[in-house]
Protein chains: 2
Amino acid sequence: MHTTRWAKIAADLRQGIQDGTYPPGSKLPSIPDLMNKYGVARDTVRDAISRLANEGLVTPLRGIGTVVRDMTPVELAYSPEAPAQPWSQQTKNGRDDVVLAELVDADPGIIQRLRLPKGSQVLHRVRHQSVGGQVAQIHDQWIPADLYSSIANATKFDLIADRNKEQPNLYEQMREAGYQPATATETLTCRMPDPDETTTLELPPGVPVLVTHRITTDRDGTPLETSTFVGAGDRMSQTFRVPLES
Amino acid sequence: MHTTRWAKIAADLRQGIQDGTYPPGSKLPSIPDLMNKYGVARDTVRDAISRLANEGLVTPLRGIGTVVRDMTPVELAYSPEAPAQPWSQQTKNGRDDVVLAELVDADPGIIQRLRLPKGSQVLHRVRHQSVGGQVAQIHDQWIPADLYSSIANATKFDLIADRNKEQPNLYEQMREAGYQPATATETLTCRMPDPDETTTLELPPGVPVLVTHRITTDRDGTPLETSTFVGAGDRMSQTFRVPLES
DNA sequence: GAGTGGTCTAGACCACCAA
DNA sequence: TGGTGGTCTAGACCACTCT
């Protein structure tokens, strides 16, 4: 057995978390205690605890101790086609704040996703969707500039000027403006957050983000909108209902 | 400026990765170089690099250096309703190995998901689905024991005894046995991998896993099967096509 | 004030890879 | 063989929380 010392300590603590010796919300033994128990130096214990923190199992807190995180298992809940629904309908006591709405030159990735000519302008919206006062998801959205104008004309709702007002359903607005959103294609991955995301989502170390890329198209396959959702991995799940062919 | 030294070093390196000073595949300056440049001790540099590794930006390699990972942006690809399709149809040169297939007593979570009476038995299957010789996804599946028997009778294919043979489409087998799988409900989250998953998926540090829970039901809503998919976050994405109501 | 984790040092030895 | 990162020590000081 040629495992390292910190790996042994980490394995012991991980075992204790799994078998209930250290239930969620409780504290691990302190660093000095563990130094004593295993006869190792402080940094060796710290390496072990860092590892557990990066696995998302514990959160070390200064002046308090190392507390075991509540890894509530995924709720197998309803809310099918989640991102296609407004945030307010998905959550209770949820907020949906538009923190940015402006016309910009589309970057190459957006050009490709929306199949626009090079140099096109798009409306870029950023929303912070929160539950319980904490941002749970960052929603970046890009809409072709002419579609934005059409909506403003048809609905008297200006997505830029009225960005602080209650946001109506964008798909409804598109239909009022004569567009026919037909399908949304959503691709999900995950990765570790960058420092910005860590801040706005208030993520503890060891929590990844769930990333959803969406492209909405009409019946002809013309893209009407594209979005990127970045959600806190410990607070977000997305549910889809897939019909099976017979 | 009350930021720590390792945070400063990490920020500089992160900046260099983003602006192309250290392109993907290249190496960061060595630890001794960075000690020299910043006038700090070895562990301080290591703290900074650990941070970047946990963000999934770099992979330190013994004897080589700290190499910048290739963070290819998510492919906005095809394969809608991915997990409902057999692995062989989703991938080229993919393998799908059944590494375990046995009847077990269902644990409480499975009991709930399949709405079975307490103490029921289920067929538990574990599959390793790989691309290019590397396991990309672990598929855990639970099927009620009576459904397993029905399939064995109706199709002459025994999911346990024939586990090393080519696997036919389970939904087809269900239909041959008189069941009608109608919808699959899939819930996606992400988290950091446990040590086992890190090993079988060969995950570098800083790569989370994409977790999909599926429940397949017939037209009456009776569960026929439930699965958990654990996929490498840097190699897996899942795509869904959502029809929008008009 | 006592106890917690966070940062940092200076030095050591080890495992690994490439030339 | 020389350079890389990985592990570990013994000790120090700091920031924070609780009582």
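Order of the sequence lines fixes the chain letters, A, B, ..., with proteins taken first and strands second; residue numbering starts at 1 for each chain. Values below: all heavy atoms of this structure, side chains included; hydrogens, waters and symmetry mates excluded.
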Asks: Each nucleotide in nucleotides 2-11 of chain D should get exactly one letter: B, S or -. Can you fill that in based on protein heavy atoms under 4.0 Å?
Replies: -BBBBBBB--

Asks: Go through the structure and list residues passing salt bridge (charged side-chain N to carboxylate O under 4.0 Å, His left out) with D107(B), not counting sequence neighbours.
Replies: none

Asks: Can you list the residues that meet the side chain to side chain donor-acceptor pair (under 3.5 Å) rule with T66(B), with sequence neighbours excluded?
Replies: none

Asks: For T21(B), give me all partners under side chain to side chain donor-acceptor pair (under 3.5 Å), at least two apart in sequence or on another chain.
Replies: D19(B)

Asks: Please list, chain by chain and in numerical order, all residues satisfying salt bridge (charged side-chain N to carboxylate O under 4.0 Å, His left out) with K37(A), sequence neighbours excluded.
Replies: none

Asks: Could you work out, with side chain to side chain donor-acceptor pair (under 3.5 Å) as the rule, every residue matching R191(A), not counting sequence neighbours?
Replies: E197(A)

